[in-house]
*Asks:* 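A single structure is presented below for examination.
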Amino acid sequence: RYMSPGLKKSLLAFCLVWITTPLLAVSVYETQADFLDRAFAGAPPNQEITWLSGDRKSTVRQLLGHDYPALRLRYWCKAGSSAWVLEEIGKELPITVGVVIDRDYIRSLRVLTYRENRGGEVATPAFTDQFNGAALGADNSLNTNIDGISGATLSVQALTRLANMALFLHEDTGCDNGA
């Protein structure tokens with residue numbers, strides 16, 4: 001069947017836009033290297049590894065509501081502070097988050113990479129600053145209320161779960177005692 005050259009070009013342009021649209025939604029707010037430099041005032045410690053197995057794996061599963069997709073996690077620990085780069089699915093795609101913990105409290109939580117088409121407001125400091133000073137309560141949930149964002153409920157929940165997870169791992173790996 002005959003298709004005019006103009007229609008072919010229009011169809012091709014439409015297909016290219018449709019295929020690449022999800023790729024255009026990726027927003028990188030901070031690289032891992034920049035996050036670590038900020039977390040440790042330009043002198044990050046060596047990377048350490050913790051394995052998600054046994055009781056640690058069970059607790060992480062309870063905090064997230066599912067298994068974490070990796071068996072080992074990289075983290076950085078120095079003088080009672082730790083930094084974690086973690087990922088959790090928002091609605092459909094992973095959100096990469098950096099969490100800095102001092103002793104038992106969140107000093108900073110920042111979205112490093114956001115991949116969803118909607119809900120990117122969770123990456124703004126106006127939202128993430130709510131996590132500053134949060135700690136784990138007795139039931140392994142945050143001891144502070146996090147206000148949601150209309151239209152970004154799943155992303156808000158993902159960041160809250162990652163905050164809980166980072167606080168738990170900080171304590172469980174011994175970073176909280178200056179290790």
Side-chain angles (χ1 to χ4, degrees), residues 26-90 93-115 120 122-147 155-179:
V26 175
S27 297
V28 177
Y29 296 101
E30 189 172 28
T31 66
Q32 179 175 297
D34 290 340
F35 164 72
L36 293 171
D37 282 345
R38 183 176 51 79
F40 295 103
N46 291 331
Q47 169 183 286
E48 298 185 37
I49 293 176
T50 188
W51 289 88
L52 294 181
S53 59
D55 291 341
R56 183 177 292 149
K57 181 177 182 171
S58 295
T59 302
V60 167
R61 181 185 306 124
Q62 179 186 7
L63 293 171
L64 296 178
H66 59 84
D67 284 329
Y68 193 78
L71 292 176
R72 63 184 187 155
L73 294 173
R74 293 173 177 85
Y75 69 101
W76 297 261
C77 180
K78 180 178 177 182
S81 294
S82 67
W84 302 83
V85 176
L86 304 168
E87 287 192 343
E88 177 68 325
I89 300 293
L93 298 169
I95 303 168
T96 305
V97 175
V99 185
V100 181
I101 300 173
D102 285 336
R103 306 291 172 212
D104 294 327
Y105 299 92
I106 293 176
R107 176 178 15 125
S108 172
L109 182 145
R110 292 291 180 256
V111 173
L112 304 182
T113 306
Y114 192 79
R115 297 171 181 87
V122 297
T124 65
F127 175 76
T128 59
D129 286 351
Q130 293 181 86
F131 290 92
N132 296 351
L136 277 184
D139 62 348
N140 272 344
S141 64
L142 295 182
N143 67 350
T144 187
N145 187 43
I146 302 298
D147 291 331
S155 295
V156 169
Q157 292 171 352
L159 268 60
T160 303
R161 289 190 302 268
L162 290 177
N164 287 338
M165 181 179 167
L167 285 162
F168 163 74
L169 291 169
H170 173 81
E171 181 180 305
D172 194 58
T173 56
C175 276
D176 63 331
N177 60 21

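These figures come from a predicted structure and were not determined experimentally. These numbers come from the heavy atoms of this one structure, side chains and all, not from hydrogens, waters or symmetry mates.
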*Asks:* Name all residues meeting the ring pair (Phe, Tyr, Trp, His ring centres under 6.0 Å) criterion together with Phe127; count only those two or more places apart in sequence or in a different chain, and write none if there are none.
*Replies:*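 With sequence neighbours excluded, Phe127 shows a ring pair (Phe, Tyr, Trp, His ring centres under 6.0 Å) to Phe131, given in chain and number order.
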*Asks:* Checking Asn132 now: which residues fulfil side chain to side chain contact (heavy atoms under 4.5 Å, CB included) with it, not counting sequence neighbours?
*Replies:*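 For Asn132, the residues satisfying side chain to side chain contact (heavy atoms under 4.5 Å, CB included) (neighbours in sequence not counted) are Asp129.
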*Asks:* Is any side-chain heavy atom of Leu169 less than 4.5 Å from a side-chain heavy atom of Leu52?
*Replies:*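 Side-chain contact under 4.5 Å: yes.
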*Asks:* Which heavy atom of Ala134 sits nearest to which heavy atom of Thr144, and what is that distance?
*Replies:*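 Scanning both residues completely, I find the closest heavy atoms to be CB-CG2, 3.6 Å.
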*Asks:* Can you measure from OG (Ser53) to CZ (Arg72) and round to the nearest 0.5 angstrom?
*Replies:*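 Reported to 0.5 Å precision, the distance equals 13.0 Å.
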*Asks:* Provide the closest heavy-atom pair for Ala83 versus Phe35 in the form atom of the first, atom of the second, distance.
*Replies:*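 Heavy atoms of Ala83 and Phe35 come nearest at CB-CE2, 3.9 Å.
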*Asks:* If the condition is side chain to side chain donor-acceptor pair (under 3.5 Å), which residues does Thr59 pass it with, not counting sequence neighbours?
*Replies:*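 Thr59: no side chain to side chain donor-acceptor pair (under 3.5 Å) contacts found.
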*Asks:* Could you state the interatomic distance from CD (Gln157) to CG (Leu64), rounded to the nearest 0.5 Å?
*Replies:*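 Output value for this atom pair is 12.5 Å.
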*Asks:* Please check this pair: side chain of His170 against backbone of Ser81, looking for a donor-acceptor N/O pair closer than 3.5 Å.
*Replies:* no
*Asks:* Supply the atom-to-atom distance Leu36 CG to Lys78 NZ, rounded to the nearest 0.5 angstrom.
*Replies:*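 Reported to 0.5 Å precision, the distance equals 11.5 Å.
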*Asks:* Could you pull out all residues at least two apart from Tyr75 that satisfy ring pair (Phe, Tyr, Trp, His ring centres under 6.0 Å)?
*Replies:*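 Checked Tyr75 against ring pair (Phe, Tyr, Trp, His ring centres under 6.0 Å); matches are Trp84.
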*Asks:* Using the salt bridge (Lys or Arg N to Asp or Glu O under 4.0 Å) criterion, which residues pair with Glu171? Sequence neighbours excluded.
*Replies:* none
*Asks:* Please list, chain by chain and in numerical order, all residues satisfying side chain to side chain contact (heavy atoms under 4.5 Å, CB included) with Thr96, sequence neighbours excluded.
*Replies:* Val85, Glu87, Leu112, Thr113, Arg115
*Asks:* Do you know the tightest heavy-atom contact between Arg38 and Ser108?
*Replies:* NH1-OG, 3.1 Å
*Asks:* Pro69: which residues meet the side chain to side chain contact (heavy atoms under 4.5 Å, CB included) condition with it, sequence neighbours left out?
*Replies:*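 Once residues adjacent in sequence are excluded, Pro69 has no partner under the side chain to side chain contact (heavy atoms under 4.5 Å, CB included) criterion.
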*Asks:* For Tyr29, look at atom OH and say whether over 12 heavy atoms of other residues, nucleotides or ligands are found less than 6.0 Å away.
*Replies:* yes
*Asks:* Tell me if the CG atom of Asp139 is crowded by more than 12 foreign heavy atoms within 6.0 Å.
*Replies:* yes
*Asks:* Do the non-hydrogen side-chain atoms of Cys175 and Glu48 ever get within less than 4.5 Å of each other?
*Replies:*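 Heavy-atom side-chain distance check fails, nothing below 4.5 Å.
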*Asks:* Identify, with sequence neighbours excluded, every residue that meets side chain to side chain contact (heavy atoms under 4.5 Å, CB included) alongside Thr31.
*Replies:*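 If we apply the side chain to side chain contact (heavy atoms under 4.5 Å, CB included) test to Thr31, skipping adjacent residues, the hits are Ala33, Asp34.
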*Asks:* Contact between Leu162 and Leu109 at the side-chain level, heavy atoms closer than 4.5 Å - yes or no?
*Replies:*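 Heavy-atom side-chain distance check fails, nothing below 4.5 Å.
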*Asks:* Applying salt bridge (Lys or Arg N to Asp or Glu O under 4.0 Å) as the test, list every pair that has at least one member in residues 58-70; sequence neighbours left out.
*Replies:*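 Residue pairs with at least one partner in residues 58-70: Arg61-Asp67.
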*Asks:* So Gln130 and Asp147, side chain to side chain contact (heavy atoms under 4.5 Å, CB included) or not? Walk me through it.
*Replies:* CA-CA 8 Å; Gln130 293 181 86; Asp147 291 331; 3.3 Å; yes
*Asks:* Which pairs count as side chain to side chain donor-acceptor pair (under 3.5 Å) when at least one residue sits in residues 158-169, sequence neighbours excluded?
*Replies:*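 Output for this query lists Glu88-Arg161.
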*Asks:* Using the side chain to side chain contact (heavy atoms under 4.5 Å, CB included) rule, take Val100 and Phe40 through it: C-alpha gap first, then chi angles, then the decisive distance, then the call.
*Replies:* CA-CA 9 Å; Val100 181; Phe40 295 103; 5.8 Å; no
*Asks:* Are any of the side-chain heavy atoms of Ile95 and Ser155 separated by less than 4.5 Å?
*Replies:* yes
*Asks:* Can you tell me how far the OH atom of Tyr114 sits from the CG atom of Leu159, to the nearest 0.5 Å?
*Replies:*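 It is 8.5 Å, given to the nearest 0.5 Å.
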*Asks:* Find out whether Leu73 and Met165 are in side-chain contact, i.e. whether some heavy atom of one side chain is under 4.5 Å from a heavy atom of the other.
*Replies:*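 SC-SC contact between Leu73 and Met165 confirmed.
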*Asks:* Going by heavy atoms in the side chains, are Arg56 and Thr173 under 4.5 Å from each other?
*Replies:*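 Side chain of Arg56 against side chain of Thr173, heavy atoms only: contact under 4.5 Å found.
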*Asks:* Taking only residues two or more places apart in sequence or in another chain, which ones pass salt bridge (Lys or Arg N to Asp or Glu O under 4.0 Å) with Asp104?
*Replies:* none
*Asks:* Taking only residues two or more places apart in sequence or in another chain, which ones pass side chain to side chain donor-acceptor pair (under 3.5 Å) with Asp55?
*Replies:* none
